[in-house]
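Here is the structure we will look at, set down as structure tokens.
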2 protein chains.
Amino acid sequence: MYQQVERVGHDGAMNKQPKYRQVADALRREIDNGAYPPGSRLPSESELSTRFEASRNTVRSGLNALVSEGLISSSQGLGYEVRKHEVFELNASRFENLTFPQNGDAYSTDVTNAGRRPSQTFRVEMTPATAYVADRLKVALGSTTVLRFCHRFVDDVPWSTQATYYPDWLAKQAPRLAEPGDIAEGTTRYLAAAGIEQAGYFDEIATRMPTPDESRLLDVGAGVPVLLWTRTGYADDRVIRCTITTFRGDLNRMNYEIGTLPDRNGDERP
Amino acid sequence: MYQQVERVGHDGAMNKQPKYRQVADALRREIDNGAYPPGSRLPSESELSTRFEASRNTVRSGLNALVSEGLISSSQGLGYEVRKHEVFELNASRFENLTFPQNGDAYSTDVTNAGRRPSQTFRVEMTPATAYVADRLKVALGSTTVLRFCHRFVDDVPWSTQATYYPDWLAKQAPRLAEPGDIAEGTTRYLAAAGIEQAGYFDEIATRMPTPDESRLLDVGAGVPVLLWTRTGYADDRVIRCTITTFRGDLNRMNYEIGTLPDRNGDERP
DNA sequence: TTGCTCAACTTGTTGGTACAAGCTGATGCA
DNA sequence: TGCATCAGCTTGTACCAACAAGTTGAGCAA
């Protein structure tokens, strides 16, 4: 039942692409052209099967490729939808200082300023340092750290997770870090009051596909990478914290302003 | 021929996961445990088919999920291999100045310092500004820009593409920008000699799955996102360039040092 | 009108088969 | 010995069939 689709006379150029890829390429082209705008639904598998003279499985392979590219998503019973991308800008270089109302970064402020509604769940726990965290905090692997963990939402859509690790010595010096509740005035301000002023930080940005855990927390399907942001904060020569933030890659972009640059106004798309 | 694998007595907990997902989860666990270390080969589809008492198609679905996660890769005739991740660090905040030997960023220097061999192909062309570039360069959509394009390799492995766009007015002021050859002393130094000194820049970092073009240029298969780095350079109030760099997300990590921080030495893993 | 059921759509899962095509090592010929 | 060939492994592509399960709207019942 195998049939190689050679269509030489039909296509002009020698066409050695497998059928499922032809399907994917054709649909991708139509999506790019705007024939299927963001948010619209694609024809059903059986319709595409008829159109491309291919079996349902072959069409599914093609669609699956587009899902992996992050171009479309599917839901059982509903069909395939062209994905929308509304990117949220994160200004990471704005130096953290005491004027920020809460928790070290400008999440709530930025989201509210964008006219969206922020919400989050929060927990505190003591946890042994993983290799990654131990390296950055300059503590022994497995030694105790205080973890303050946020799961953040924008308009009730899962947006990011943020895990901040503090070394044990700092938690002794600033005991409220290890207490379960929120720190009303913000951790940065609280630490400053305790004599710990963050003087600089080191940011690392990486990307990869989400682990199953991350897929669950951020509610991302196949084809959406995560953006990993690790910020290690220093006061003098001491590491005072390590913050690992996981973003949905399709909804976020990080910005850094360095040196002298004019006032920015207009917004732009990816 | 459909059979739901309910295995209640066997598994204890109610097991409602589809079979292909059970396969993926089991293999992921074994890879994480080190049973299949990076670079090693997985059992063949038919062996897995026997082990999991599933059809080859079902096993392929499970393996496909792991490929999409970026955990393994497959090659026809060879089998499935657990992916290795050697991450290359890119220090993006080191302020660009005249001491850099070439082309605006520290690519060759960094790669050579890491004991790897850099190589690149290069081309120059005049091209109309896309919406993305026009926005950043503050020029009209479709107006002429000079594009200087690099395709970069590390030890002959495709690593990144870098497209730098210069506005037309700048190319008139610094005509060698539009000439096809390399600028020996580096574009930054050349522009400084022409009276254009970059005073600051604005960086944007995003991630997504590669387009087919990017997959080809960077030689990435399914499951590897790209890291997009856009740097817009300013001199006084004028935008002098916009550089869009595309990295393989599995091989690169970007770093920013901001504020005062101690000397860093030890290296670390993701 | 309101609310429920159900048919008819959608995609998801699992099985089967067949052949194409890439890789490797054994075999055999020169 | 050296080289070409080929058998036997691997994954890749393509088809078929059947049933599970989520969604929606039509239509009937209260």
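Lettering follows sequence order; numbering is per chain, from 1. All figures in this text were calculated on a predicted structure; none of them were measured in a lab.
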May I ask you to evaluate whether S75(B) reaches the phosphate of dG22(C), defined as a side-chain N or O under 4.0 Å from OP1 or OP2?
-> no
Protein-nucleotide distance (Q76(A), atom CD; dT23(D), atom P), rounded to Å | 8 Å
State whether Y80(B) places a side-chain N or O below 4.0 Å from either non-bridging phosphate oxygen (OP1 or OP2) of dG12(D).
-> yes
Would you mind reading off the distance between L63(A) atom CG and dA14(D) atom P, rounded to a whole angstrom?
-> 14 Å
Below 4.0 angstrom from OP1 or OP2 of dC15(D), is there any side-chain N or O of T58(A)?
-> yes
Whole angstrom is fine here: how far is it from CG in N64(B) over to P in dG12(C)?
-> 13 Å
Check whether any side-chain N or O of S44(A) sits under 4.0 Å from OP1 or OP2 of dC9(C), and answer yes or no.
-> no
Would you say the side chain of E204(B) lies within less than 4.5 Å of the side chain of R136(B), judging by non-hydrogen atoms?
-> yes
Is there a side-chain polar atom (N or O) of R60(B) under 4.0 Å from OP1 or OP2 of dG12(D)?
-> yes
For dT11(D), does either OP1 or OP2 sit under 4.0 Å from a side-chain N or O belonging to S74(B)?
-> no
Check: dG12(D) base within 3.5 Å donor-acceptor of R21(A) side chain | no
Rounded to whole Å, the CD-P distance (E53(B) to dG16(C)) equals 12 Å
Tell me which nucleotide among dT14(C), dG12(C), dC15(D) gets nearest to the side chain of A54(A).
-> dC15(D)
State, with a plain yes or no, whether a side-chain heavy atom of F88(B) is found less than 4.5 Å away from one of F247(B).
-> no
Pick base, sugar-phosphate or nothing for S61(A), based on heavy-atom distances below 4.0 Å to the nucleic acid.
-> nothing
Under-4.0 Å salt bridge between R51(A) and E30(A) = yes
Interatomic distance where OH belongs to Y20(B) and P belongs to dT14(C) [whole Å] | 8 Å
Salt bridge or not for R29(B) and D32(B), using N-O below 4.0 Å?
-> no
To the nearest angstrom, the CZ-P distance between R56(A) and dC19(D) comes to 14 Å
Rounded to the nearest Å, what distance is computed from the CG atom of residue L48(B) to the C1' atom of nucleotide dT11(D)?
-> 12 Å
Measure the distance from CG on N57(B) to C1' on dA14(D) and round it to the nearest whole Å.
-> 10 Å
Salt bridge flag under 4.0 Å for residues E125(B) and R123(B) = yes
